[in-house]
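Chain A is the first sequence line, chain B the second, and so forth, proteins listed ahead of strands; every chain is numbered from 1. What you see is a predicted model, and the numbers here were worked out from it, not measured in a lab. Values below: every heavy atom of this structure, side chains too, minus hydrogens, waters and symmetry copies.
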Amino acid sequence: MPKRLLVTAALPYANGHIHIGHLVEYLMTDVWVRYQRLQGRQAAYICADDTHGTAIMMAARKAGVPESALLAEMSAAHQQDFADFGIRFDHYGSTDSATNKAFVYEIWAKLRAAGHIDQKTVTQLYDPTAGAFLADRFVKGICPKCGAPDQYGDSCDKCGATYEATDLKQPKSTLSGAVPELREAVHAFVKLEDFRTIIADWVGRDGALHPDMQKWVRNTFLIEGEPLRSWDVSRPAAYFGFEIPDLPGNYFYVWLDAPFGYIASTADWCAKTGDTWQHWWQGDGVEVHHFIGKDIAKFHTLFWPAMLRLAGHNLPEKIHIHGFLTVNGEKMSKSKGTFIRARTYLDHLDPRWLRYYYAAKFTDGAEDLDLSLDEFTAKVNADLIGKVVNLASRTAKFVPRLATTYPEDGGLFTRAATEGTAIAAAYDAGNTGEAMRRIMALADRANEFVEKAAPWALKKDPAKAADLEAACSVALNLFRQLCVYLAPVLPDFAEECGRLLGTPITRWSDAQSPLTGTAIAEFKPLMNRIDPLKVQAMVDASKAEAPGTPDPGPRTPDAVTDGPEALAAEPLAPIITFDDFAKVDLRVARVVNAEEVPKAKKILKLTLSLGGDQTRTVFAGIKTAYPDPKPLVGRLVVFVANLAPRQMSFGLSEGMVIAAGPGDQDIYLLAPDSGAKPGQRIR
RNA sequence: GGCACUGUAGCUCAGCGGUUAGAGCGGUGGCUUCAUAAGCCAUAGGUCCUCGGUUCAAGUCCGAGCAGUGCUACCA
């Protein structure tokens, strides 16, 4: 007996617009849900905006509006973007709802009652200007171990030391730039170890996770002899979220309430339809399927099964985990115009093209998926236009109706009907790419048939009218099969095919028997081919949207408009005295040797000359930006000469070189103008 | 360094113990001109990363190594 399916996609954060990376997940889920429905299964597709947390709070403050205003606007934008890509949710809710609050309060009561909560006083940095405690990522300062500046509050990016944010030297809030002060606060922790067996059993359940992800969870968290780390689920005010009932002034961490948004959104939907949420989350008749990206696997594979079990709900039947999107083989890049918002795509291109291209790339694994814009153009044009649409386009207008008995076709239709089983299995498993390959193979065979039957030749000979009708009836029925198989990906192909052949496509089994005798309506173009110029226009528009990235090319100084992002990302530090500054001895130095360090991904070993026979060795974390050390040799750099030496696993580092930029590829060494001599002091 | 994944035609990938290793795109040559310059046929192109092992038989299983990717560690 078929089970009902409750399907969710991850809840997009209300702090930004949907982009083509998000769409991987919502399209993957949409295709799967549509497939299941074609098979006659009852499926609910539930989503919502994820609304809580510090980031939303700060965005609202910056905009000078209440959070609710921000949320309403973003929810509307999200839903419009999804709708325009043909992503059809049964309900799109919000985690900032009374329903969700009730679910969160309920689980909280259960956690308390069962003794799964620990409370510990945590000394944490507090931003008096913003009036908020600072999560690790909102504090920057000097690493207590190695003295590196500009480090986040949890670990040093330079020496790798991990520490508490309170250990940072000269900390400052990235929210306001204020100097944080120490304040004590009680935090609540869920003792995750209490749920170890539940989690391990669920992870081991056949089919719950892809084997690769199963290994990941086991190797990363379920390590023998190591208890699961307790999970800090509370945040002191100010925080945008639900207040904890028995800890006034404290709020639930966003990742506690966000997943309950799946259930709350279901409940809100059920309230409209007269159904009950229990009908979808409890008992034998239903399976829960979550679609998520690999970045949030931890929350869904550890915390969530534990919470669900305690709440008395079903554990997920399967968590479908996908990888990230790359564009042209690289991470999406604002400056290259490959960070493309859903809306920007829609302004230039047909959403069905992306639906098909993504579908052709989906697998059941968590590997990244590449959108090669050239391949995108070629594949959509060749497959959808050249093979599928063309099949109808070249046969539909020759005859007024389909033959009353299905003609002999050499077994083509039957073979394609049989192939439906394999295609269905591929869809079901999430191997949509395989499904697309099989469908296109069928399209190839259908076009071969048309080629041999040559209806355009038969048309010229009135004596062959019966043959003409037969040929077209076969071709159009093969086309219809393709439309059925493609229906989860391209629902409007199926719809248009229904109109063309006078019989709607409503079920997967419509591909099992040919249509006969129906009148053929006028053929209308189903889809246009992709014009590469439009793809380029979309990329150009995305580039233009990217802040602070003027087009390369000749620039005059007054034409440069530098964006505010860099400063906003890291506000100015508190005022210091000249004496403070004078303590830092900056020197011009020449790189006399630069080499890679074995076993270090980010480190280069630099030998700096201060003139004469004075040299210093520095291990600098700049390799990501300067992968080849050779060109560095000979150039002048700015060197912090009186920084305390630091023993590192590679050797002794005697200072540091100064560079700008946030990290990774964006690191820019400073250089004095020509004429400066190694050893000269910089002041 | 740790854990994992990947390495097959120019590109994207399929094949995961069994005949001469496949598809699509791209290349080349031809045919067709019904169709949104679509389609069909033919053809070139491969040490299936390397080295060992198991087996009657290995891209396909095992071991080691190399390379790439992701997470993680190192990163004054």
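rG46(B) and rA14(B) have their C1' atoms separated by 15 Å, with the value rounded to a whole Å. Between the P atoms of rG52(B) and rG45(B), the separation comes to 27 Å (whole Å). Atom name P, nucleotides rC41(B) and rA23(B): the rounded distance is 12 Å, in whole Å. Distance noted for atom C1' between rA58(B) and rC49(B): 16 Å (whole Å). Across rC51(B) and rG15(B), the matching P atoms stand 25 Å from one another, rounded to whole Å. Remark: the separation of the P atoms in rA38(B) and rA44(B) is 25 Å, to the nearest Å. Rounded to whole Å, the separation between the P atoms of rC5(B) and rC11(B) comes to 25 Å. The C1' atoms of rG26(B) and rC16(B) are separated by 28 Å, rounded to the nearest whole Å.
For Ser393(A), taking side-chain heavy atoms from C-beta onward, the closest of the listed nucleotides rC25(B), rU36(B), rU33(B) is rU36(B). Among the nucleotides rC41(B), rA38(B), rU36(B), the one closest to any side-chain atom of Asn390(A) is rA38(B). Picking from rA35(B), rG24(B), rA38(B) the nucleotide with the shortest atom distance to the side chain of Arg394(A) gives rA35(B). Distance from the side chain of Asn219(A) is smallest for rC3(B) among the nucleotides rC3(B), rA35(B), rC25(B). The side chain of Asp383(A) has rG24(B) as its nearest neighbour among rU12(B), rU36(B), rG24(B).
Nucleotide rA9(B) is matched to nothing when pairs are restricted to Watson-Crick or G-U wobble geometry with both distances under 3.5 angstrom. The partner of rG70(B) is rC3(B), judged by Watson-Crick or G-U wobble contacts that both fall below 3.5 Å.
For the pair Lys397(A) NZ and rA38(B) C1', the computed distance is 12 Å after rounding to whole Å.
Using a cutoff of 4.0 Å between basic side-chain nitrogens and carboxylate oxygens, Arg445(A) and Glu448(A) are not scored as salt-bridged.
A donor-acceptor pair shorter than 3.5 Å cannot be found between the side chains of His320(A) and Trp32(A).
Residue-level contact check: Phe324(A) touches neither bases nor backbone, having no heavy atom under 4.0 Å from any strand. Residue Lys379(A) is classed as having no contact, given no heavy-atom separation below 4.0 Å to the nucleic acid. Arg437(A) comes within 4.0 angstrom of sugar-phosphate atoms only, judged by non-hydrogen atoms across all strands, and of no base.
rG70(B) shows a glycosidic angle more than 90° from 0 and is accordingly assigned anti.
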Any chance you could lay out the ring pair (Phe, Tyr, Trp, His ring centres under 6.0 Å) test for Trp255(A) and Phe303(A), step after step, and finish with the verdict?
CA-CA 9 Å; Trp255(A) 267 108; Phe303(A) 309 145; 8.4 Å; no
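Put simply, Lys215(A) has a side-chain N or O that comes within less than 4.0 Å of OP1 or OP2 on rC5(B). Distances shorter than 4.0 Å separate none of the side-chain N or O atoms of Lys294(A) from OP1 or OP2 on rG70(B).
Considering only heavy atoms from C-beta on, Val637(A) stays 4.5 Å or farther from Leu606(A) through its side chain.
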